Q: 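Quick one: the structure is below, and I'll ask about it shortly.
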Amino acid sequence: MEALADLTAGALLPRLAKGDVQATELVDACLSRISEREPEVQAWAFLNADFARAQARSADEHRARGRPTGPLHGLPVGIKDIIDTKGVPTENGTPLDAGRRPGDDAVLVSKLREAGAIIMGKTVTTELAYFAPGKTRNPHDSECTPGGSSSGSAAAVAAGMVPLAVGTQTTGSVIRPAAFCGVVGFKPTFGLIPRSGVLTQAPHLDTVGVFGRSVEDAAVLAECLSGYDPRDPATSAIPSPPLRTTATSSPPLAPNFAFVKSPVWDQAEDVTKEAFRELTAFLGGNCDEVSLPSPFGEGHGIHRTIMLAELAKNFGPYYHRGKDQLSPQMRAAVEEGRSILAHDYMAACDWIEVLNAGLAEIFDRYDAILTPAAPGEAPLGLDATGNPAFCALWTLCGTPAVTLPLLLGAQGLPMGVQLVGPRHDDGRLLRSANWLMKQVTEESDGTGTS
């Protein structure tokens, strides 16, 4: 029988709802796995077993009394340590915020509590969610990076410490670590999940994302977190999409994929290029190679201009308060951002809509774009978090993206397949992702038909 700590959220939720599994049992199983793996993986910035068990007991008592339960009732979730959690240390990966305990929950944490989730603890982030690594290691090989900046969230899910976790992405901070750690990572449409109470790095780019062991897991968590927040201008006063129902439904027709190498294909490793040759061949008539219009070649520079200009503004107080306690990477980013001209920044922001208009023709013909999540598997070494080149363009455009753990690299480490969909059509993207997961899994199990 599979250990509780290894089950997907989708498998656990009905058992928790029926009382076949108690929240206290599940939390104890997660704590046991953490005790076993944490010395090596180091995914947690804050973890208090008594705090987690107290929430679990309350959840079990609530259900036993016959009270209404939420869609995540009794399910443990890890929270990236740039997301405010009332009374719980939220230190943003920097000594300049050591001991910081917010007085209020981030909106998304309030949504988790309302849904009945167990706030398991705070997962490690890189410094201020930028590039200087934290302590976390890849669960598959402790000498390799887990990716970043949501390193602890991805590693915690991959190691079976929690079934679900929340992260953020400004360049590739959900998709890349999910790919390196071998889990599903989902970065929804920009603005789907409110960011109030989340560290602000670059408001035109910052996006809350989620990690799970299946597409259904990612869908159920993202659906619970989505919604309008008047304090976050990126959100809209529209109904939250039924992501879980759509993701787990059968598509009316087999999805069609546009294989896009993107302007950074030269950075893909040979093993990645070969893996995608095999994958596109496997998909046959359901996949065509498609080239992006020439303006997309400027996308990475545009992304960098926006990110650094906004980072310099938002992290200026850290720079002034304790420049000597920031990493060389962070100091350099702030200084470069300050040198960007207002004209160049404003022109870069205008390109977001232009590029999305260029994607419209592709999404009129195809359900999703198929592209690598990273150049290859997690690189050896812990002094960097890997190359986010294959993520930056989609973050800039604000399109939903999901990475699926479908490939293996030369060293036997996971590699991700990234799917990208049109803005505000997250459910269809997840449905296509779920379809692809099933097709490839059945093929690798020897039960596929092609």
Side-chain angles (χ1 to χ4, degrees), residues 33-34 36-45 78 80-81 93 123-161 165 167 169-185 209 211 213 261-262 264-279 300 327-330 332-333 371-392 403-418:
R33 179 64 59 83
I34 291 169
E36 174 190 341
R37 297 296 311 274
E38 178 64 5
E40 174 193 5
V41 177
Q42 301 181 56
W44 297 93
K80 185 177 181 177
D81 196 34
T123 55
V124 171
T125 175
T126 61
E127 176 198 35
L128 297 172
Y130 193 59
F131 285 116
K135 63 181 180 178
T136 307
R137 297 165 176 258
N138 193 302
H140 300 279
D141 185 336
S142 62
E143 298 303 313
C144 294
T145 179
S149 62
S150 307
S151 48
S153 291
V157 172
M161 298 175 177
Q169 178 159 311
T170 304
T171 303
S173 296
V174 169
I175 298 299
R176 184 167 86 265
F180 286 170
C181 292
V183 297
V184 174
F211 300 88
R213 297 194 189 105
K261 291 179 175 179
S262 87
V264 293
W265 184 248
D266 63 315
Q267 298 181 43
E269 297 174 8
D270 289 343
V271 66
T272 300
K273 293 177 179 179
E274 178 58 31
F276 273 81
R277 277 194 289 270
E278 294 179 6
L279 179 59
H300 288 78
S327 69
Q329 298 102 307
M330 181 57 67
T371 197
E377 61 191 339
L380 186 67
L382 302 172
D383 57 350
T385 58
N387 183 350
F390 282 94
C391 307
T403 182
L404 308 175
L406 295 178
L407 306 174
L408 289 176
Q411 304 304 315
L413 297 178
M415 295 198 307
V417 172
Q418 184 174 198

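Note that this is a predicted model, so its numbers are computed, not measured.
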Q: Quick check: does any side chain N or O of Arg37 sit under 3.5 Å from a backbone N or O of Gly160, one acting as donor and the other as acceptor?
A: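 Here the side-chain-to-backbone pair does not exist.
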
Q: Between Cys391 and Gln169, what is the shortest heavy-atom contact and its length?
A: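 It is CB-NE2, 4.1 Å.
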
Q: Taking all non-hydrogen atoms of both residues into account, name the closest pair between Met161 and Arg33 and its distance.
A: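 Taking every non-hydrogen atom into account, N-CG, 4.0 Å.
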
Q: Between Gln42 and Val124, does the side chain to side chain contact (heavy atoms under 4.5 Å, CB included) criterion hold? Intermediate values first, please.
A: CA-CA 8 Å; Gln42 301 181 56; Val124 171; 6.0 Å; no

Q: Kindly say whether Ser173 contributes a backbone atom to a donor-acceptor pair with the side chain of Ser150 at under 3.5 angstrom?
A: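 Yes: the side chain of Ser150 pairs with the backbone of Ser173.
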
Q: Please report, to 0.1 Å, the donor-acceptor pairs under 3.5 Å made by any side chain of residues 270-277, with sequence neighbours excluded.
A:
| unit_1 | atom_1 | unit_2 | atom_2 | d |
| --- | --- | --- | --- | --- |
| Thr272 | OG1 | Pro375 | O | 2.6 |
| Glu274 | OE1 | Arg277 | NE | 3.0 |
| Glu274 | OE1 | Arg277 | NH2 | 2.8 |

Q: For a side chain to side chain contact (heavy atoms under 4.5 Å, CB included) check, start with the C-alpha distance between Val174 and Phe211, then their side-chain angles and the critical distance, and finish with the verdict.
A: CA-CA 8 Å; Val174 169; Phe211 300 88; 3.9 Å; yes

Q: Mind listing the closest non-hydrogen atom pair of Leu128 and Met330 along with its distance?
A: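 So the two residues come closest at CB-CE, 3.8 Å.
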
Q: Please tabulate, for side-chain N and O atoms in residues 383-390, each donor-acceptor pair with protein atoms closer than 3.5 Å (sequence neighbours left out).
A:
| unit_1 | atom_1 | unit_2 | atom_2 | d |
| --- | --- | --- | --- | --- |
| Thr385 | OG1 | Arg176 | NH2 | 2.9 |
| Asn387 | OD1 | Ala389 | N | 2.8 |
| Asn387 | ND2 | Gln267 | OE1 | 2.7 |

Q: Between atom OG1 of Thr371 and atom CH2 of Trp265, what is the distance when rounded to the nearest 0.5 Å?
A: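 If I round to the nearest 0.5 Å, the distance is 7.0 Å.
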
Q: Can you name the nearest heavy-atom pair linking Ala178 to Ala154, along with the distance?
A: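 Taking every non-hydrogen atom into account, N-CB, 4.1 Å.
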
Q: Tell me the closest heavy-atom pair linking Ala155 and Pro139, and the distance in Å.
A: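 Where Ala155 meets Pro139 most closely, the heavy atoms are O-CG, 3.6 Å.
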
Q: With rounding to the nearest 0.5 Å, note down the distance linking CG in Leu380 to CG in Leu413.
A: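 Atom-to-atom, Leu380:CG and Leu413:CG are 9.5 Å apart.
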
Q: Roughly how far, to the nearest 0.5 Å, is OG1 of Thr145 from CZ of Phe180?
A: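 Those atoms lie 6.5 Å apart.
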
Q: Determine, stepwise, if the pair Lys80 / Ser153 fulfils side chain to side chain donor-acceptor pair (under 3.5 Å).
A: CA-CA 6 Å; Lys80 185 177 181 177; Ser153 291; over 6 Å; no

Q: If you look at every heavy atom in His300 and Ala392, which pair is closest and at what distance?
A: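 Nearest pair, atom of His300 first, then Ala392: CD2-CB, 3.7 Å.
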
Q: Does any part of the side chain of Ser142, heavy atoms only, come nearer than 4.5 Å to the side chain of Val41, both counted from C-beta?
A: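 The answer is no; the side chains never approach within 4.5 Å.
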
Q: Just by distance, do the side chain of Glu38 and the backbone of Ala43 share a donor-acceptor pair under 3.5 Å?
A: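 Present.
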
Q: Taking Glu377 for the side chain and Gln411 for the main chain, is one N or O donor matched with an acceptor at less than 3.5 Å?
A: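 Checking the backbone N and O of Gln411 against the side chain of Glu377, a donor-acceptor pair under 3.5 Å is found.
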
Q: Keeping Glu127 on the side-chain end and Ser327 on the backbone end, is there a donor-acceptor pair under 3.5 Å?
A: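 Present.
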
Q: Residues two or more places apart in sequence or in another chain: which of them pass side-chain contact (heavy atoms from CB on, under 4.5 Å) with Ala373?
A: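 Expected list: Ile175, Ala179, Thr403, Gln418.
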
Q: Hey, is the main chain of Trp44 close enough, under 3.5 Å, to the side chain of Lys135 for a donor-acceptor pair?
A: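 Yes; judged by distance alone, with no hydrogens or angles, the pair exists.
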
Q: Is the backbone N or O of Thr123 less than 3.5 Å from a side-chain atom of Asp81, with the two atoms forming a donor-acceptor pair by type?
A: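 Side chain of Asp81 to backbone of Thr123, a donor-acceptor pair under 3.5 Å: no, none is there.
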
Q: So do the side chains of Cys181 and Pro146 get within less than 4.5 Å of each other, counting heavy atoms only?
A: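 The answer is yes, as the side chains (C-beta and beyond) meet within the 4.5 Å cut-off.
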
